[in-house]
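Heads up: the structure comes next, in structure tokens.
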Amino acid sequence: MECAKTRKAARQIESALLNKIAVKGVSQIAESIGVNPSQVTRWKDSLVPRMAMLLAVLEWGVVDDDLARIAKQVAALLIPKEKPRSANQGSEQISIEF
């Protein structure tokens with residue numbers, strides 16, 4: 001059972017890593033790291049799955065990010081939004097000339 005949880009976490013981490021690579025772009029990542037873009041492409045098949053499994057075993061991962069995202073969404077729902085102020089009846093606009 002524990003092994004299945006670890007594999008599931010590894011798949012989530014791998015998916016998150018691949019999504020971030022796709023969003024940022026292989027060329028930009030390769031340039032930042034200082035390798036050829038083809039190297040990053042090869043990592044997607046070999047290094048990323050193994051790294052995801054390692055991170056899952058170390059209990060690092062998407063779960064914390066997901067929890068943080070969900071907490072922010074719940075907080076946004078629970079915090080009342082500021083109502084627009086209405087003008088008081090009978091108040092007049094004051095103009096000041098200098």
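Just so you know, these numbers use all the heavy atoms, side chains as well, and skip hydrogens, waters and symmetry mates.
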Residues in side-chain contact (heavy atoms from CB on, under 4.5 Å) with Leu47, at least two apart? Trp43, Met51
Arg11: which residues meet the side chain to side chain donor-acceptor pair (under 3.5 Å) condition with it, sequence neighbours left out? none
Looking at residues at least two apart in the chain, or sitting in another chain, which of them share a side chain to side chain donor-acceptor pair (under 3.5 Å) with Gln39? Arg42
Applying a strict under-4.5 Å side-chain criterion to I, L, V, M, F, W and Y, I'd like to know whether Ile33 and Val48 cluster together. yes
Can Val23 be reached from Val40 by stepping across I, L, V, M, F, W or Y side chains whose heavy atoms are under 4.5 Å apart? no
Restricting to side-chain contact (heavy atoms from CB on, under 4.5 Å), what partner residues turn up for Ala56, sequence neighbours left out? Thr6, Ala9, Ala10, Ile13
So, taking the atom named CD in Glu14 and the one named CG in Leu55, what distance separates them when rounded to the nearest 0.5 Å? 11.0 Å
Which pair of non-hydrogen atoms, one from Lys44 and one from Pro49, has the smallest distance, and what is that distance? O-CD, 3.6 Å
Within this structure, what is the NZ-SG distance for the pair Lys8 and Cys3, rounded to the nearest 0.5 Å? 14.0 Å
